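Have a look at the structure below, then the notes.
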There are 2 protein chains.
Amino acid sequence: MDFDKQMNSRITIVDVAKQAGVSFGTVSRVINNDVHVKKETRERVVETMERLGFVANRQARSLAGGKSNSIGVLVPDLGTGYIGEIIRGIDAELSLTDLDLILYTTHRTASKETNYVTNLATGMVDGLLLVLPRSPADFIGNLTQSKFPFVLIDHQGAGRDCPSVGAANWQGGYNATEYLTNLGHTRIGFITGSMDLGCAVDRLDGYRSALRTYHIPDAPELIYEGDFFQPDGYSGAQAMLDLPEPPTAIFASNDVMAMGVMDAVRNRGLRVPDDVSVVGFDDIPQASLVRPALTTINQPLEKMGRVATQMLLDLLKHPEKKADRIELPTHLIVRDSCKSPRLD
Amino acid sequence: MDFDKQMNSRITIVDVAKQAGVSFGTVSRVINNDVHVKKETRERVVETMERLGFVANRQARSLAGGKSNSIGVLVPDLGTGYIGEIIRGIDAELSLTDLDLILYTTHRTASKETNYVTNLATGMVDGLLLVLPRSPADFIGNLTQSKFPFVLIDHQGAGRDCPSVGAANWQGGYNATEYLTNLGHTRIGFITGSMDLGCAVDRLDGYRSALRTYHIPDAPELIYEGDFFQPDGYSGAQAMLDLPEPPTAIFASNDVMAMGVMDAVRNRGLRVPDDVSVVGFDDIPQASLVRPALTTINQPLEKMGRVATQMLLDLLKHPEKKADRIELPTHLIVRDSCKSPRLD
DNA sequence: CTGTTAGCGCTTTCAG
DNA sequence: CTGAAAGCGCTAACAG
């Protein structure tokens, strides 16, 4: 049917070529901005493409060896607003170009990860943005060797030097703890994140270093191993508050757990910050909304997305560039959840 | 190079075919679960594929006319957590299948929308999930005519009957208002959303109907036109509170604006809910976190994503099925931001 | 500057 | 049940 063709935009370069009276090779050149086309011819072709509503077929292009004009983003999941922030940054930056975004969620399945990566790197996308909080997978080696452009986000690369952007987690852990000690706290509880994640380890290390700096003795009972989810914040706080000598402040490795801490504190009839100070990490949107507003470490997630995208774009342009790691600074955001400890 | 081939997984069906001692047509059949393959042969091929780490090339498959095994999701942007929730639902449902998700953000550019849709519908994806809060675009017609499977999300389709899932916005508007009147309020302010969105209109209508039901006279000064963003909630509340006879309750068309309302109330030295009751709409995660916790209308965003995905999956299986619209119920979530009005 | 010719990797007939 | 052959729409040499 005639109308069907128009409707479906099943217009190919051959159709355009016929209509414009040129060979389809010329149409291809026009599409790819090849210089070797007479201005006049180009105009005629462009006009025809518009008239026919031609839209190049992506799979054909990439199959034939051209660019796919899209970049792939691989994330573990969409569950935590955390990833959403990063994606927003990526999207914002990408919208400035004509590249499209293909999103893959691996749902923390290692096999899916590998599968996707090989698939994507085989022409489906021009570059890859990987949000892989877990341990470095083998395909990073492959990617590097095959010189496929990619950037790691928020991944504490275990020694490998490949392009990546992360946050100053250690610094954040240190600063928050330092702030608490300056307030006069000496019993500071810490709830870790999943310890198989580099960022969780770094935050804990920062906390420990600060204590050492301020000559506060180690107290293993004040370190509770969490998993970055709210319930662990709650139970961690409960456990610590049950101690004979409970902490006067609790520093949770992320905001979500800090909110769990707040709940636990309140459920015992205690108040934040009067009885217990609370600090979080991430500075997610909710942090400024809860009451009392949460003092936390700002981690520039959206910016991490943007910067990573810019790095990738740069890599796409200059494939020979050296890989480097960018570490974005974290900042202490003082709000209302901390106070000097009561004088007993 | 030899290792390069292994590294890149540039293994094609031809390689597999050679290794397994069959023609590449047979390998294709195995991939597509064609019944016409001897069990023994199939096993040998599967074994070979695994050994070689074969991963089928998506673009080639879809170019050659097969399925692309991915569905496209078109959203206006990622700015509001609102869309994120929907995507989460989609992703959750999709993770149960072997379909991949390709995400496109149009950044509210009509031309991009059209472009993407035609592109995607030309084999790049097997189906489309469209989050198009704005007015119905022409391509919906095209899509319908070309019988391409798609589902609209949160789109008050202006008469066209195509598969879509939405929420009971009218009902929500009605219920919230009714709740307020039952509490004893008779001066209830309303802050609308962007009135070019169907959902905003429906919520306003629900509000009006409830007032009528309870014989509360019209008061045009109590309706403030907002845009779904926080600042408008703030200024709307300010305007109404300046009235000679200010409202004792304010119902905002979404939670974000409701939070603006709360701020405005507090900034005048008034308290929520003692002096002014506040109700929102959406029930975003923050709603339960702010103090006082926000009473609001729960809109099942994540579920909308899930249901839409299920509908699309169904459409993919049974292309002949009739289009239908599913409306998910909204619920009043009573928290701490409302109270009976003071008796003066 | 432009037309022609091979494929890219895979699905689908069509013959055996 | 399986092999062979013909493209899908496009890019990238190669000739003019």
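Residue numbering restarts at 1 for every chain, and letters A, B, ... go by the order of the sequence lines. Just so you know, these numbers come straight off a predicted model, no measurement behind them.
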- Take atom NZ of Lys38(A) and atom P of dG3(C), then tell me their distance rounded to the nearest Å. 10 Å
- Message: Taking the minimum atom-to-atom distance to the side chain of His36(A), which one of dC1(C), dT11(D), dC1(D) wins?
- Response: dC1(C)
Distances for protein N/O vs nucleotides 12-14 of chain D N/O pairs under 3.5 angstrom?
residue, atom, partner, partner atom, Å
dA13(D), N6, Arg29(A), NH2, 3.3

- Query: Quick one: is Ser62(A) getting a side-chain N or O under 4.0 Å of the dC8(C) phosphate, OP1 or OP2?
  - Reply: no
- To the nearest angstrom, the NZ-P distance between Lys18(A) and dG3(C) comes to 15 Å
- What's the CG-P distance between Leu63(B) and dA6(D), to the nearest Å? 18 Å
- Item | Listed nucleotide nearest any side-chain atom of Ser23(A), set dC1(C), dC8(D), dG3(C) | dG3(C)
- Say whether, by atom type as modelled, one donor and one acceptor occur between the side chain of Asp34(A) and the main chain of His36(A) under 3.5 angstrom. yes
- Task: Pick base, sugar-phosphate or nothing for Val27(A), based on heavy-atom distances below 4.0 Å to the nucleic acid.
- Result: nothing
- Task: Starting from C1' on dT11(C), measure out to CG on Asn33(B) and report it in whole angstrom.
- Result: 14 Å
- Message: Is there a side-chain contact between Leu129(A) and Ile90(A) in this structure, where contact means two heavy atoms from C-beta onward sitting under 4.5 Å apart?
- Response: yes
- Rounded to whole angstroms, how far apart are CG on Asp34(B) and P on dT11(C)? 11 Å
- Does Thr26(B) make a side-chain N or O approach to OP1 or OP2 of dC1(D) shorter than 4.0 Å? no
- Could you state the CD1-P distance from Ile11(B) to dC10(C), rounded to the nearest angstrom? 10 Å
- Would you give the length of the straight line joining atom NZ of Lys317(A) to atom CG of Leu312(A), rounded to the nearest 0.5 angstrom? 12.0 Å
- Rounded interatomic separation in angstrom, taking CD from Gln59(A) and C1' from dT11(D): 15 Å
- Between Glu40(A) and Arg42(A), is there a salt bridge with N-O shorter than 4.0 Å? no
- Donor-acceptor pair, side chain of Arg44(A) and main chain of Ala20(A), under 3.5 angstrom: yes
- Task: Kindly compute the distance separating CD1 (Ile87(A)) from CG (Leu301(A)), expressed to the nearest 0.5 Å.
- Result: 11.5 Å
- Item | Side chain Asn32(A), main chain Arg29(A), donor-acceptor under 3.5 Å | no
- Just call it for Val14(B): base, sugar-phosphate, or nothing, with non-hydrogen atoms closer than 4.0 Å on any strand. nothing
- Note on the structure: Ala56(B) has its side chain closest, among dT2(C), dC10(C), dG9(C), to dC10(C)
- Message: In this structure, how many angstroms lie between the P atom of dT11(C) and the CG atom of Asn57(B), rounded?
- Response: 10 Å
